[in-house]
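Reviewing the structure listed below.
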Amino acid sequence: MKRCIYPGTFDPFTNGHLDVLQRAAQLFTHVRVAVAIDSTKKALFTPEQRVALIRANLRGLPNVDVVSFEGLLVEFARQQKSHAIIRGLRALSDFEFEFNMALMNRHLEPEIETIFVMPNESYSYTSSSLVKQIAKLGGDVRKFVPGNVARALRKTYATK
Ligand code: COA
């Protein structure tokens, strides 16, 4: 039984995140998507909304579930008896940040391996903040995020 955690802020979850998740679900017996609660970051969606938006996209992924977590990622991974942390690498520009984070996490918890998964290259320029910027200005984001996320973005910005 090999379990992994796929952590992120997911504000919001994109098609690129979904692509990484689908690949991870083929490699591991169980994948737990872990939505980070970071009180220092101003997120558009609450942790509960982010969890619900991801959960609605798990059709065909019976070995995946979604929870939120607060505090140190490696501590959470240890509590969950997880063997690995999955991170997506979209482009070379992601590498430096991810490399530092992976080495720091290894230092904190040598037993937990970070595994990088490359999403399809068509997602290499998709990011949560760009998607939010486009949606805020009334642009169409349906190509970049699942349908429920596009609707939630439209609704949220309509009332802001
Ligand atoms: N497709 C599309 N976008 C992707 C992506 C993919 N496959 N992979 C990453 N991204 C983008 C996101 O859209 C987001 O873009 P943005 O910055 O423009 O909004 C960005 O990359 C990163 O977001 P996300 O994937 O949600 O993860 P994150 O980098 O915010 O997650 C944590 C960071 C939560 C894993 C990290 O902060 C953490 O571990 N926190 C817990 C505290 C801790 O342990 N700290 C010590 C770490 S050493």
Side-chain angles (χ1 to χ4, degrees), residues 2-38 41-69 73 76-77 80 82-105 112-157:
K2 285 284 177 198
R3 302 162 63 87
C4 73
I5 295 224
Y6 178 30
T9 309
F10 302 117
D11 187 46
F13 188 66
T14 67
N15 288 338
H17 289 130
L18 181 59
D19 182 286
V20 169
L21 180 58
Q22 286 165 336
R23 291 171 198 276
Q26 289 184 356
L27 297 172
F28 286 85
T29 325
H30 187 264
V31 183
R32 178 151 289 163
V33 181
V35 174
I37 303 173
D38 182 347
K41 273 193 196 167
K42 178 88 191 83
L44 179 66
F45 294 107
T46 65
E48 294 75 20
Q49 286 174 317
R50 285 180 268 151
V51 167
L53 288 170
I54 299 170
R55 268 195 196 135
N57 285 288
L58 300 186
R59 206 172 304 125
L61 297 171
N63 58 337
V64 177
D65 64 15
V66 191
V67 296
S68 58
F69 79 102
L73 174 61
F76 179 72
Q80 303 294 311
S82 184
H83 303 92
I85 292 168
I86 296 289
R87 290 292 288 167
L89 264 191
R90 291 165 300 171
L92 209 55
S93 50
D94 283 342
F95 184 75
E96 198 173 342
F97 173 75
E98 294 296 338
F99 185 68
N100 284 340
M101 194 159 74
L103 288 182
M104 183 57 88
N105 281 333
I112 298 174
E113 207 60 59
T114 298
I115 297 181
F116 294 108
V117 172
M118 281 190 296
N120 187 289
E121 62 272 18
S122 58
Y123 301 120
S124 54
Y125 54 89
T126 305
S127 83
S128 301
S129 50
L130 283 182
V131 162
K132 281 185 283 193
Q133 202 179 102
I134 295 164
K136 190 175 180 183
L137 298 171
D140 187 355
V141 294
R142 285 174 299 177
K143 265 195 231 158
F144 313 119
V145 293
N148 66 327
V149 175
R151 286 190 293 280
L153 282 165
R154 210 174 317 127
K155 203 170 148 197
T156 304
Y157 283 123

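From a predicted model like this one, the values you see are computed outputs, not experimental measurements. The first residue in the sequence is number 1, and the count goes up from there.
In this structure, Thr29 contributes its side chain and Lys2 its backbone to a donor-acceptor pair below 3.5 Å. Proximity of a side-chain donor or acceptor of Arg50 to a complementary backbone N or O of Phe45 within less than 3.5 Å is detected. Looking at His83, its side chain never comes within 3.5 Å of a backbone N or O of Cys4 through a donor-acceptor pair. In this structure, Arg55 contributes its side chain and Val66 its backbone to a donor-acceptor pair below 3.5 Å.
Going from atom CZ of Phe144 over to atom OG of Ser128 covers 12.5 Å, rounded to the nearest 0.5 Å. Taking CD of Gln133 as the reference point, atom NZ of Lys136 lies at 8.5 Å (rounded to 0.5 Å). Asn57 contributes atom CG, which lies 9.5 Å from atom CG of Leu21 (distance to the nearest 0.5 angstrom). The structure places CD of Gln22 at 5.5 Å from CG of Leu61, a figure rounded to the nearest 0.5 Å. One distance of note links CG of Asn105 with CD of Glu98; it measures 10.0 Å at 0.5 Å rounding. Here Leu58 contributes atom CG and Leu18 contributes atom CG; the two are 8.5 Å apart, rounded to the nearest 0.5 Å.
Taking every heavy atom of both residues into account, Pro146 and Asn15 meet most closely at N-OD1, 3.2 Å. Taking each heavy atom of Phe116 and Leu89 in turn, the nearest pair found is CD2-CG, 3.8 Å. In plain terms, the two heavy atoms of Ile5 and Pro7 that are nearest each other are O-CD, 3.4 Å. Here the shortest heavy-atom pairing between Phe28 and Asn63 reads O-ND2, 3.1 Å. Residues Gly88 and Asp94 come closest through the heavy atom pair O-OD2, 4.3 Å. Of all heavy-atom pairs between Ser127 and Arg90, the closest is CB-NH1, 3.4 Å.
The local environment of OH in Tyr125 is sparse, with at most 12 non-hydrogen atoms from other residues, nucleotides or ligands closer than 6.0 Å. Within a 6.0 Å sphere centred on CG of Leu92, heavy atoms belonging to other residues, nucleotides or ligands number 12 at most. Counting non-hydrogen atoms of other residues, nucleotides and ligands closer than 6.0 Å to CE of Met101 gives a total above 12.
In this structure, Thr14 and Val141 have side chains that are not in contact, with every pair of non-hydrogen atoms separated by 4.5 Å or more.
Applying the side chain to side chain contact (heavy atoms under 4.5 Å, CB included) test between Val31 and each of Asp65, Val64, Ile86, Val20 identifies Val64 as the sole match.
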**OP:** Could you please spell out the steps behind the side chain to side chain contact (heavy atoms under 4.5 Å, CB included) verdict for Phe76 and Val67?
**Re:** CA-CA 11 Å; Phe76 179 72; Val67 296; 3.6 Å; yes
**OP:** Please report the C-alpha distance between Tyr157 and Leu44 in whole Å, then the side-chain angles of each, then the deciding distance to 0.1 Å, and finally whether the side chain to side chain contact (heavy atoms under 4.5 Å, CB included) criterion is met.
**Re:** CA-CA 10 Å; Tyr157 283 123; Leu44 179 66; 3.4 Å; yes
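Between the side chains of Thr9 and Asp11, no donor-acceptor pair is found at a separation under 3.5 Å.
Between Phe10 and His17, the ring-plane angle classifies as perpendicular under the 30° and 60° cut-offs.
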